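Contents: one structure, followed by commentary.
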Amino acid sequence: GCRENNRKEQLQWKKPCGSLVPGGVGSTVYVTRGEKNMHKGLLFDLDGVIVDTARYHYLAWKELAQELGIPFTREDNERLKGVSRNRSFEIILEIGNRQMEEAQKEYYCTRKNGIYLEYLQTLSEKDILPGVQEFLEAARAKGYRTALGSASKNAVFILEKLKLSESFDAVIDGNKVSKAKPDPEVFLNGAVALGLAGCDCIVFEDAAAGIKAAHAGGMRAVGIGKPEILSEADYVIRGFEKITIEEIEQEIM
Ligand code: BG6
Ligand code: MG
């Protein structure tokens with residue numbers, strides 16, 4: 001079976017690996033596309049993969065941290081990538097060696113989201129990262145099913161602003177999962193929503209926690225960003241600019 005095959009050398013992806021689950025929960029699979037790759041799925045993280053919102057998350061947390069007198073660097077911020085809003089704040093408190101009542105944590109998380117949403121006000125199609133639209137279109141034309149797998153509770157709102165909602169057959173976001181990456185829940189739910197087994201899916205992630213989540217779900221993982229940070233990924237690309245689905249197929253299938 002393919003379940004435990006995470007490493008490139010062991011990969012075999014010549015045919016579907018598991019039973020299909022047609023019309024899984026939340027699935028809106030389109031049947032009008034090419035049939036060739038209908039048994040394969042691409043699962044995309046949102047922040048830092050589809051759109052450069054990772055920057056705004058950082059700026060919003062930085063503002064709060066400063067207010068609380070907690071030093072917070074870009075390096076610290078790496079630990080927050082892919083992590084839920086509440087957990088992110090707990091990490092910041094840990095960095096500052098501070099403790100806080102639940103109600104007060106709640107207050108700061110709500111404020112952080114307020115600051116973050118202000119940054120998102122002007123968000124539009126122009127903020128989609130280079131090459132993403134082309135990559136999605138080409139993959140879907142080849143028959144791949146696509147899903148979003150994000151920890152963000154703002155994911156649906158962001159996809160609408162980017163006019164990208166139609167590019168995904170399913171959306172699994174922070175409102176639909178209880179366990180944060182590196183737990184594979186978000187991606188496993190994505191695979192189910194596409195009617196696919198985990199091992200028939202490839203995950204695209206900018207966070208180390210997301211790469212771990214993909215592997216824990218028996219999926220291959222393409223890292224988006226710096227190889228030093230994403231050393232566990234099966235393949236790392238800087239972004240989708242000039243990257244073709246054929247290149248990904250060649251590298252990791
Ligand atoms: C992830 C980001 O996608 O979503 C994290 O990488 C963020 O940095 C998390 O904390 C939760 O996002 P939101 O929009 O629900 O606060
Ligand atoms: Mg991300």
Side-chain angles (χ1 to χ4, degrees), residues 42-65 72-95 105-121 123 127-129 132 135 146-162 164 168 171-187 189-190 202-215 217 219 221-226 229-230 232-233 236-240:
L42 305 178
L43 308 177
F44 296 83
D45 173 49
L46 175 68
D47 297 315
V49 170
I50 302 287
V51 59
D52 194 13
T53 37
R55 191 158 58 99
Y56 301 138
H57 278 296
Y58 168 69
L59 291 173
W61 284 127
K62 177 99 185 151
E63 195 174 322
L64 278 196
F72 180 64
T73 63
R74 276 194 181 270
E75 207 182 14
D76 294 326
N77 188 58
E78 281 305 316
R79 289 177 62 195
L80 271 47
K81 286 190 181 169
V83 173
S84 74
R85 196 181 307 164
N86 293 352
R87 180 65 197 130
S88 294
F89 189 54
E90 273 167 16
I91 293 173
I92 290 173
L93 289 177
E94 275 168 36
I95 293 168
K105 283 188 202 165
E106 200 62 46
Y107 164 80
Y108 279 107
C109 283
T110 306
R111 276 213 31 221
K112 183 268 176 177
N113 200 47
I115 300 168
Y116 178 61
L117 288 179
E118 265 173 48
Y119 281 117
L120 297 193
Q121 259 180 21
L123 200 72
D127 295 297
I128 300 171
L129 286 168
V132 167
F135 186 85
T146 52
L148 196 83
S150 167
S152 173
K153 295 185 172 169
N154 296 302
V156 169
F157 169 73
I158 291 172
L159 281 188
E160 274 165 17
K161 283 223 146 201
L162 300 178
L164 270 186
F168 296 94
V171 174
I172 309 295
D173 67 10
N175 301 296
K176 292 187 181 163
V177 292
S178 53
K179 288 174 246 149
K181 300 170 190 173
D183 189 282
E185 185 185 11
V186 65
F187 293 133
N189 286 358
I202 298 176
V203 167
F204 294 87
E205 255 292 348
D206 70 320
I211 303 289
K212 281 198 163 67
H215 285 163
M219 300 155 191
V222 176
I224 313 293
K226 296 187 180 140
I229 292 171
L230 303 165
E232 288 186 31
V236 179
I237 56 178
R238 292 275 162 174
F240 287 97

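Each residue takes its place number in the sequence, starting with 1. Just so it is clear, the structure is predicted and the values come from calculations on it, not from any experiment. Order of appearance sets the numbers: ligands from 1, and atoms from 1 within every ligand. When reading the values below, keep in mind they use all heavy atoms of this one structure, side chains included, and skip hydrogens, waters and symmetry mates.
Judged by distance alone, with hydrogens and angles left aside, the side-chain atoms of Glu205 form no donor-acceptor pair with the main-chain N or O of Ala214 at under 3.5 Å. With hydrogens and angles ignored, the 3.5 Å screen pairs a side-chain donor or acceptor of Lys62 with a backbone N or O of Phe72.
Of the protein's non-hydrogen atoms, Ser152 CA, 3.4 Å is the one closest to atom 12 (O) of ligand 1. If you check which protein heavy atom lies closest to atom 6 (O) of ligand 1, you get Gly82 N, 2.7 Å. Counting only heavy atoms of the protein, atom 5 (C) of ligand 1 lies nearest to Val83 O, 3.3 Å. Of all protein heavy atoms, the one closest to atom 3 (O) of ligand 1 is Asp47 OD2, 2.7 Å.
Two rings, from Tyr108 and Phe89, have their centers less than 6.0 Å apart. When ring centroids are compared, Tyr58 and Tyr116 stay outside the 6.0 Å threshold.
Residue contacts with ligand 1, taken as heavy atom pairs separated by less than 4.0 Å, involve Lys153 via backbone and side-chain atoms alike.
Because the distance cut-off is set at 2.8 Å, Asp206 qualifies as a neighbour of the Mg ion (ligand 2) through one of its N, O or S atoms.
Between the OD2 atom of Asp45 and the O atom of Asp47, the angle centred on the Mg ion (ligand 2) amounts to 90° when rounded to 10°.
Below 3.5 Å of separation, one finds no N or O of Tyr116 facing any N or O of ligand 1. For Trp61, no nitrogen or oxygen atom sits less than 3.5 Å from a nitrogen or oxygen atom of ligand 1, counting backbone and side chain alike.
Checking Lys112 against His57 by side-chain atom types alone, a donor-acceptor pair falls below 3.5 Å.
If you run side chain to side chain donor-acceptor pair (under 3.5 Å) between Asn154 and each of Asn175, Thr53, Asn113, only Asn113 comes through.
At least one heavy atom of Ser88 sits closer than 4.0 Å to an atom of ligand 1.
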